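Only one structure is covered here, and it is reproduced in the block below.
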2 protein chains.
Amino acid sequence: MLTRDKTAPLVEQFRRYLRDRRLPVTKQRIAVAEVLLGSEDHPSVDLLRQRLEAKGLHVGTATLYRTVDALVKSGLVLEHDFGDGFRRYEPSTPTVEHAHLVCRRCGGVVEFANERLARMLRMTADEHHFHYERDKVEIHGICAPCRARDLGSAG
Amino acid sequence: MLTRDKTAPLVEQFRRYLRDRRLPVTKQRIAVAEVLLGSEDHPSVDLLRQRLEAKGLHVGTATLYRTVDALVKSGLVLEHDFGDGFRRYEPSTPTVEHAHLVCRRCGGVVEFANERLARMLRMTADEHHFHYERDKVEIHGICAPCRARDLGSAG
DNA sequence: TTACGTGCAAAGGCTTTGCAGTCGG
DNA sequence: CCGACTGCAAAGCCTTTGCACGTAA
């Protein structure tokens with residue numbers, strides 16, 4: 001399966017991360033890693049739980065949160081807060097800088113990459129003698145499908 | 001007092017906003033509006049409560065949250081979530097586009113304006129057939145004073 | 001074996017809601 | 001007067017913590 005091909009090496013990296021600091025590689029941790037690192041969207045902890053459940057895997061809430069934390073600390077996963085009242089996560093693809101288009105109608109998130117934008121932000125940080133660590137760029141509004149739906153029904 | 005001069009008209013706008021939709025102009029609402037619209041930083045609800053208390057004004061939690069909501073809906077106040085676990089607010093100054101530099105050491109927030117950045121984001125939204133409503137740009141890292149402190153104590 | 005993980009349930013922190021009493025217009 | 005507001009307290013939601021038991025190495 002093609003998806004497996006992309007996910008497996010990431011899970012392997014997580015295994016290494018755990019081994020390197022002499023932390024046990026448990027089935028729960030691997031289950032969470034596989035589901036999250038194999039996600040192509042921005043799932044919340046609750047959504048991850050649902051996906052695990054769907055695969056017949058039950059992982060306790062605390063373990064789920066703790067494992068997601070570990071994945072974030074390992075650098076393999078990015079944490080987001082789009083203002084939904086909960087956090088969302090995504091596998092981090094270190095080479096591609098990207099920001100998010102967040103639709104307030106359907107809650108959908110589309111990614112976009114922009115080199116110039118990234119450079120501009122680093123420059124700005126420099127200008128303010130601010131040590132850049134990371135940035136967050138979001139555009140909030142209505143996505144194309146939702147716009148079309150609006151036009152279809154109301155206009 | 002000079003600060004008063006900037007705040008008063010904003011409070012007046014809020015009064016109008018309330019009157020326009022036949023909502024009561026209560027002393028609590030005006031108290032919250034004065035403190036929030038007069039803030040030059042990004043206070044949380046809890047900080048607003050402290051500032052009100054300091055002025056000898058007690059406003060119930062629910063009322064405080066509801067009034068802040070009203071101020072956000074009126075467009076006079078912007079809501080932020082910098083990932084502290086709570087929301088922060090600031091008077092919106094519609095003419096000045098600005099983004100935030102958030103220090104993860106001291107929690108301080110510095111604003112910066114960037115026309116080009118703003119234009120670029122609108123363009124990006126367009127390219128994705130996304131209806132732009134607002135954006136959120138944050139740079140996270142360590143601010144100059146905290147960097148200096150680090151260098152001073154750690155070498 | 002032993003340190004760390006796991007799951008459950010309880011606690012926490014911020015925010016919202018329900019309701020009796022109160023007040024602006 | 002009436003509809004909306006206020007304050008308190010309780011509930012809600014996501015997340016973290018405490019603890020007895022289990023498991024990777």
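Note that the structure is a prediction, hence the values are computed from the model and not measured. Note: hydrogens, waters and symmetry copies are ignored here, and every other heavy atom, side chains too, is used. The chains referred to below are lettered A, B, ... by the order of the sequence lines, with proteins before strands, and numbering in each begins at 1.
- One interatomic measurement links the two molecules: CZ of A:Arg29 to P of D:dA25, which rounds to 10 Å at whole-angstrom precision.
- Nearest to the side chain of B:Lys27, among C:dG24, D:dT15, D:dC5, sits C:dG24.
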If you look only at distance, which donor and acceptor atoms sit under 3.5 Å apart when one is on a side chain in residues 18-30 of chain A and the other is two or more places apart or in another chain?
unit_1: A:Arg19; atom_1: NH2; unit_2: A:Glu12; atom_2: OE2; d: 3.2
unit_1: A:Arg21; atom_1: NE; unit_2: A:Tyr17; atom_2: O; d: 3.4
unit_1: A:Thr26; atom_1: OG1; unit_2: A:Arg29; atom_2: N; d: 3.2
unit_1: A:Arg29; atom_1: NH1; unit_2: A:Pro24; atom_2: O; d: 2.8

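- Of the residues in residues 49-68 of chain B, those lying under 4.0 Å from DNA chain C by heavy-atom distance are B:Ala62, B:Tyr65, B:Arg66.
- Atom CZ in A:Phe86 sits about 8 Å away from atom P in D:dT15, given to the nearest Å.
- Looking only at distances, no side-chain donor or acceptor of B:Asp84 sits under 3.5 Å from a matching main-chain atom of B:Phe86.
- Note on A:Thr26: a side-chain N or O is less than 4.0 Å away from OP1 or OP2 of C:dT6.
- Side-chain nitrogen and oxygen atoms of B:Arg87 include at least one within less than 4.0 Å of the OP1 or OP2 phosphate oxygen of C:dT16.
- Nearest to the side-chain atoms of A:Pro24 among the listed nucleotides D:dC14, D:dA24, C:dC14 stands D:dA24.
- Contact annotation: A:Gln28 does not reach the phosphate of C:dG5 (side-chain N/O to OP1 or OP2, under 4.0 Å).
- Residue A:Leu47 contributes atom CG, which lies 12 Å from atom P of D:dC14 at whole-angstrom precision.
- We find the CZ-NE2 distance between B:Arg88 and B:His80 to be 9.5 Å, quoted to the nearest 0.5 Å.
- For A:Thr67 (side chain) and A:Thr63 (main-chain N/O), a donor-acceptor pair under 3.5 Å exists by modelled atom type.
- Between the B:Ser74 side chain and the B:Leu76 main chain, a donor and an acceptor come within less than 3.5 Å of each other.
- Protein atom CZ of B:Arg21 is 16 Å distant from nucleotide atom P of C:dG25, rounded to whole Å.
- Rounding to whole angstrom units, CG of residue A:Asp84 and C1' of C:dT15 are separated by 15 Å.
- In this structure, A:Phe82 shares a hydrophobic cluster with A:Val102, A:Val109, the cluster being traced through Ile, Leu, Val, Met, Phe, Trp and Tyr side chains under 4.5 angstrom apart.
- Atoms CG (A:Asp69) and P (C:dC4) sit 18 Å apart, rounded to a whole Å.
- If you check C:dC4, D:dA4, D:dA25 against the side chain of B:Leu23, the one that comes closest is D:dA4.
- Taking atom CG of B:Asp20 as the reference point, atom P of C:dG25 lies 13 Å away to the nearest angstrom.
- Side-chain contact of B:Arg49 with B:Ser44: a donor-acceptor pair under 3.5 Å is absent, judged by distance alone.
- Judged by closest nucleotide on DNA chain C, B:Arg88 is the one of B:Arg88 and B:Val25 placed further toward the 5' end.
- Atoms CD (B:Glu79) and C1' (C:dT16) sit 13 Å apart, rounded to a whole Å.
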